[in-house]
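From a predicted model like this one, the values you see are computed outputs, not experimental measurements. FYI, the numbering just counts along the sequence from 1. Heavy-atom basis, side chains included; hydrogens, waters and symmetry copies ignored.
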Amino acid sequence: GTDPNDMELFNLDKNPVEESTPVFKNIYISNVTAREVKCAAGYIYGIPEMPVTSLHVDNFVCSMTKGEHNVASSPIMAWHVEPTKGYGFFCANMKDVSFNNVHLDVEKSSSIIIEKSELVKVSGLTSEGSNTAVEVKSSKDIMISNSMISPTASDFIHADSESQKTLAVNGVAKSKDNQEIVKVID
């Protein structure tokens, strides 16, 4: 088995691609409704040298259990990662990914967090709660369209300055005049 103390396994640097490098591609998740979820809507973490490729999430509805509950705060079988209890989708090291018609009601994070990824399309996102709907860090060629901001959220998208350069936003509806569609956070 995997030794959680073997830090070479959890190195986040890009390594050479070898025969033993895992490949995750052509994944389809559709027509899912999940209620009273206690951890996260999804945790997708590719590796820098071989990102998760061609992932498609369609017609996905998820609402989190409100308040405190006794469940692991980090993903099972993932060591040395940030806790994700109460999160929507946490995604890192992905390429050519789409989220279509996704409705998320989360309490502790943005509905979708995208890190170190490229060519990600989000269309038809409805984000409930007071958190930012989408957070984008160290990513490029992200497109967000036809989505709605919760009336209690102050911003729809938080993006770092690197990601903001190639971020495309179209058809995002605000509930209030004081809400920002894109806020650059560094």
Side-chain angles (χ1 to χ4, degrees), residues 24-46 51-79 81-117 119-137 139 142-159 163 167 169-175 179 181-183:
F24 295 95
K25 65 180 182 176
N26 302 327
I27 302 167
Y28 296 85
I29 302 169
S30 63
N31 302 320
V32 173
T33 299
R35 293 186 177 92
E36 301 294 319
V37 174
K38 294 181 179 174
C39 252
Y43 191 88
I44 303 152
Y45 204 108
V52 173
T53 305
S54 191
L55 166 72
H56 306 279
V57 178
D58 296 314
N59 302 317
F60 189 98
V61 177
C62 179
S63 61
M64 308 309 287
T65 298
K66 303 297 183 210
E68 289 302 313
H69 41 82
N70 188 18
V71 72
S73 62
S74 294
I76 296 171
M77 297 178 61
W79 295 279
V81 298
E82 295 293 320
T84 57
K85 183 164 90 174
Y87 277 40
F89 277 96
F90 179 88
C91 311
N93 299 311
M94 303 184 318
K95 184 176 184 178
D96 190 24
V97 171
S98 66
F99 291 91
N100 295 302
N101 300 321
V102 174
H103 180 104
L104 298 171
D105 184 359
V106 301
E107 62 177 26
K108 294 192 177 176
S109 78
S110 300
S111 290
I112 300 176
I113 299 171
I114 301 166
E115 293 184 4
K116 300 177 228 156
S117 298
L119 296 171
V120 178
K121 299 170 203 91
V122 177
S123 179
L125 171 65
T126 304
S127 176
E128 299 286 332
S130 59
N131 299 316
T132 301
V134 181
E135 223 176 290
V136 184
K137 300 177 187 170
S139 297
I142 310 298
M143 186 174 102
I144 301 169
S145 64
N146 304 323
S147 299
M148 293 176 50
I149 299 176
S150 167
T152 56
S154 59
D155 311 308
F156 189 72
I157 302 164
H158 282 178
S163 302
L167 175 66
V169 179
N170 184 10
V172 172
K174 299 192 297 185
S175 300
Q179 290 176 313
I181 301 293
V182 179
K183 186 172 188 177

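Scored by the ring-ring contact (aromatic ring centres under 6.0 Å, His included) test, Phe99 finds Phe89 as partners (sequence neighbours excluded). Remark: Asp96 engages no residue in a side-chain hydrogen bond (donor to acceptor under 3.5 Å, both in side chains) (not counting sequence neighbours). Taking Glu115 as the reference, Phe90, Ala92, Ile113, Lys137 meet the side chain to side chain contact (heavy atoms under 4.5 Å, CB included) condition, with sequence neighbours excluded. For Ser109, there are no side-chain hydrogen bond (donor to acceptor under 3.5 Å, both in side chains) partners, not counting sequence neighbours. Partners of Ser150 by side-chain hydrogen bond (donor to acceptor under 3.5 Å, both in side chains), not counting sequence neighbours, listed by chain and number: Thr152. Every residue two or more places apart in sequence or in another chain that forms a side chain to side chain contact (heavy atoms under 4.5 Å, CB included) with Lys95 is listed here: Pro51, Thr53, Glu118, Leu119. Listed by chain and residue number, Lys66 satisfy the salt bridge (charged side-chain N to carboxylate O under 4.0 Å, His left out) test with Asp105 (two or more places apart in sequence, or in another chain). Partners of His103 under the side-chain hydrogen bond (donor to acceptor under 3.5 Å, both in side chains) rule, at least two apart in sequence or in another chain, do not exist in this structure. Take Ser139 and apply the side chain to side chain contact (heavy atoms under 4.5 Å, CB included) test, not counting sequence neighbours, and it matches Ile114, Ser117, Val136, Ile142, Ser163.
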(Q) Test side-chain contact (heavy atoms from CB on, under 4.5 Å) on Ile157 and Leu167; report intermediate values, then the result. (A) CA-CA 10 Å; Ile157 302 164; Leu167 175 66; 4.1 Å; yes
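Counting heavy atoms from C-beta on, the side chains of Ile27 and Lys25 never come closer than 4.5 Å. Between Met94 and Phe24, the closest side-chain pair of non-hydrogen atoms is not below 4.5 Å. The shortest side-chain heavy-atom distance between Ile112 and Leu125 falls under the 4.5 Å cut-off. No side-chain heavy atom of Asn146 sits under 4.5 Å from any side-chain heavy atom of Asn170.
Taking both residues in full, the closest heavy atoms of Val52 and Val97 are given as O-CG2, 4.3 Å, listed atom of the first, atom of the second, then distance. Of all non-hydrogen atoms in Phe156 and Ile144, the two that sit nearest each other are CE2-CG2, 3.7 Å. When all heavy atoms of Asn93 and Gly46 are compared, the closest pair comes out as ND2-O, 3.0 Å.
Counting only residues at least two apart or in different chains, salt bridge (charged side-chain N to carboxylate O under 4.0 Å, His left out) contacts with residues 147-156 are absent.
How far CD of Glu128 is from OG of Ser111: 8.5 Å, rounded to the nearest 0.5 Å.
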Result block: side-chain N/O donor-acceptor pairs under 3.5 angstrom for residues 55-64, not counting sequence neighbours:
unit_1, atom_1, unit_2, atom_2, d
His56, ND1, Ser98, OG, 2.8
His56, NE2, Ser54, OG, 3.1
Asp58, OD1, Asn100, ND2, 2.8
Asn59, OD1, Asn101, ND2, 3.4
Asn59, ND2, Asn31, OD1, 3.3

